[in-house]
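Beneath this line is the structure, given in structure tokens, with notes to follow.
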Amino acid sequence: MENEIKGVIFDWAGTTVDFGCFAPLKVFTEIFKNKGIDITIEEARLPMGMLKIDHVRAILSMPRISQLWSEKFGRDYNDGDVAELYSDFEPSLMKILPNYTDVLDGVLLVCKELRERGIKIGSTTGYTKEMMEVVADGATKQGYTPDCLVTADDVGSGRPYPFMIYRNMQNLGIYPPKCIIKVGDTVSDIKEGVNAGVWSVGVIVGSSEMGLTREEYSQLSDEQKMVLTRKITKTYFDAGADYVINNMAELPALIDEINKGLVPYLLLTPGPLTTTKTVKNAMLRDWCTWDSDYNNIIQKLRTDLINLATANPQNYTTVLMQGSGTFSVESVIGTAIPNNGKLLVLTNGAYGDRIAHIAETLKIQTIVQDSGETAPPDLSKLAKNLKANPDITHVAVVHCETTTGMLNDIEAIGKTVKEFGKIFIVDAMSSFGGIPMDIFNLKIDYLISSANKCVQGVPGFGFTIASKQELEKCKGNARSLSLDLYDQWKGMESGNGKWRYTSPTHVVKAFCQALKELELEGGVEARFKRYAENQKILAEGMKNLKFMPLLESHLQSPIITSFYYPENCNFTFFEFYNFIKNKGYVIYPGKISKAETFRIGNIGNVNRNDILGLLASIEAFLLTQ
Ligand SMILES: *Cc1c(COP(=O)(O)O)cnc(C)c1O
């Protein structure tokens with residue numbers, strides 16, 4: 001229950017009782033008529049939901065009615081007029097009110113279900129305490145009694161102020177606002193919910209916004225109902241509603257949907273991964289891709305990435321590329337290698353294979369040196385290959401092979417590559433930002449990563465940090481228009497950060513926030529320490545539970561770990577996965593061909609307590625076996 005909906009606060013007339021909210025209407029038109037002023041039903045309805053004396057004032061303040069008043073009385077209306085009209089309103093309403101307490105369809109059933117789920121039921125209203133005595137009494141006789149009823153008399157002011165909701169929360173002992181839903185049927189209801197910071201929900205059938213009797217509503221054609229629904233939905237959303245439901249019966253499903261968002265599972269996967277709330281919040285604003293506000297952000301981001309990659313930034317540049325990480329890999333392979341070039345790919349997993357696959361698809365001459373899924377690249381074989389094939393121009397390797405979790409020794413590989421004077425391409429997708437590295441020291445010419453890995457952003461673009469000198473030679477090489485790394489670079493340089501084609505603005509903003517948070521954490525060193533600790537606790541804990549890792553520990557990265565399926569039990573990954581998912585943790589299936597494995601990532605906004613929680617849920621699973 002910690003992070004789930006704990007209370008629903010209903011409005012009264014038009015929401016839970018009095019279909020169409022008719023009681024006050026007749027009286028409003030009557031009291032104005034007695035003054036010689038004819039107001040329309042629509043005018044009488046517009047302020048519905050407000051405290052009734054405020055409602056009177058709101059009608060008077062409408063330009064047409066203010067005008068009529070001045071003509072009739074030769075002066076503007078004043079507080080005395082409001083009070084006088086209201087003194088007519090109150091007794092008339094009290095007289096007819098007992099006839100307008102019919103409980104709406106579905107309310108009793110929904111309340112029963114809410115109570116079974118332990119969800120409290122509160123209420124607020126535009127009626128006064130005295131009026132509510134009549135209405136609540138009528139509702140109770142039909143079986144509807146909320147746990148709490150607050151009127152404006154209790155808190156001093158009515159809607160759209162949020163105080164009646166706060167008093168409900170206080171009386172019922174329910175908090176925080178994100179665990180509360182307010183349901184109402186007028187614009188002022190919606191605003192009350194918005195102002196309180198709770199989920200503000202509008203209901204359509206029987207609402208004051210709809211303004212029809214049960215009989216009138218039932219006679220509408222489906223087409224007419226649809227048109228009306230659209231119109232009212234728009235009114236609620238314009239007022240700030242979070243959700244709109246057709247009727248009460250839809251409320252339980254809505255609660256389930258909100259709960260899912262409130263209790264998300266932790267992604268123990270290598271990207272997309274669990275991001276912080278602040279990174280997610282950074283996406284809640286729209287940006288113009290053309291405007292300098294946005295492009296300045298891009299230029300800073302490009303510089304920040306170079307500084308993250310090396311202490312010697314002067315000879316490097318960053319090219320951002322739309323799409324997932326693979327798009328950036330393809331842009332490098334397709335642009336860096338000239339027509340007469342030849343690529344050597346060192347592979348020991350699916351991502352190395354993917355580089356080779358890209359090159360072959362682009363009809364680039366390629367040699368693949370495969371060391372198998374559980375062994376590092378053979379350096380002497382690399383030297384032999386480079387010697388035997390002097391026409392090789394480029395060598396590509398994956399840093400952390402996410403297929404298994406193996407960390408390849410890019411320092412040693414880079415040395416050999418450079419001894420032979422070749423251009424060095426590194427897919428550091430799943431390691432950049434999480435493992436300290438300096439592309440200058442490592443002699444990397446192209447380093448590729450993406451937004452949704454160790455920098456802890458959300459998916460949507462990748463980036464290449466490249467040697468300017470090398471990239472400068474790539475004009476006209478590209479085998480694709482949209483994935484032309486050189487053109488994308490030149491476009492960003494000449495356009496001061498403008499992307500050639502629409503850029504993923506929200507993802508970029510989230511990424512900027514993620515970079516800020518990386519710095520706040522203490523930079524790549526601190527993040528590496530956290531990931532390494534996560535991995536250590538995971539590996540030790542799993543060992544205690546008799547799960548064996550796929551890799552020898554000296555090959556293991558701190559990013560993701562592969563484990564063999566356990567022996568001696570009827571283990572199915574599907575059951576295992578669903579069990580721990582229900583406990584709040586999502587893991588990854590295995591990706592290797594030779595053994596049955598699964599993978600657990602420990603990157604993202606994940607710390608030791610999360611890993612301990614995961615281990616506890618795995619232990620609980622084993623007890624069910
Ligand atoms: C995630 C990843 C990629 C890119 O995969 P996409 O699905 O295209 O984002 C490439 N290489 C490695 C090593 C990765 O971990």
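Hydrogens, waters and symmetry mates play no part in the numbers below; they use all other heavy atoms, side chains included. Each ligand, and each atom within it, is numbered from 1 in the order the structure gives.
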**OP:** Could you check if a side-chain atom of V524 sits within less than 4.5 angstrom of a side-chain atom of F432, using non-hydrogen atoms only?
**Re:** no

Query raised in the report: Using a distance-only test with no angle check, is there a side-chain donor-acceptor pair under 3.5 angstrom linking Q535 and N602?
Result: no

Next item on the list: State whether a side-chain donor-acceptor pair under 3.5 Å links W499 with T289.
Entry: no

Is there a ring pair (Phe, Tyr, Trp, His ring centres under 6.0 Å) between F576 and F571 once you walk through the steps?
CA-CA 7 Å; F576 178 58; F571 179 88; 5.1 Å; yes

Between K516 and E521, is a salt bridge (Lys or Arg N to Asp or Glu O under 4.0 Å) present by the stated rule, with each step listed? CA-CA 9 Å; K516 223 181 273 173; E521 186 173 345; over 6 Å; no

Exercise for the section: Indicate whether the side chain of Y294 and that of S503 have a donor and an acceptor atom separated by less than 3.5 Å. Expected result: yes

Please tabulate, one line per pair, the protein nitrogen or oxygen atoms found under 3.5 angstrom from a nitrogen or oxygen of ligand 1, with distances to 0.1 Å, or say none if there are no such pairs.
| unit_1 | atom_1 | unit_2 | atom_2 | d |
| --- | --- | --- | --- | --- |
| ligand 1 | 8 (O) | S324 | OG | 2.5 |
| ligand 1 | 8 (O) | G325 | N | 3.4 |
| ligand 1 | 8 (O) | T326 | N | 2.8 |
| ligand 1 | 8 (O) | T326 | OG1 | 2.4 |
| ligand 1 | 9 (O) | G325 | N | 3.1 |
| ligand 1 | 11 (N) | D427 | OD1 | 3.3 |
| ligand 1 | 11 (N) | D427 | OD2 | 2.7 |
| ligand 1 | 15 (O) | T402 | OG1 | 2.4 |
| ligand 1 | 15 (O) | K453 | NZ | 2.8 |

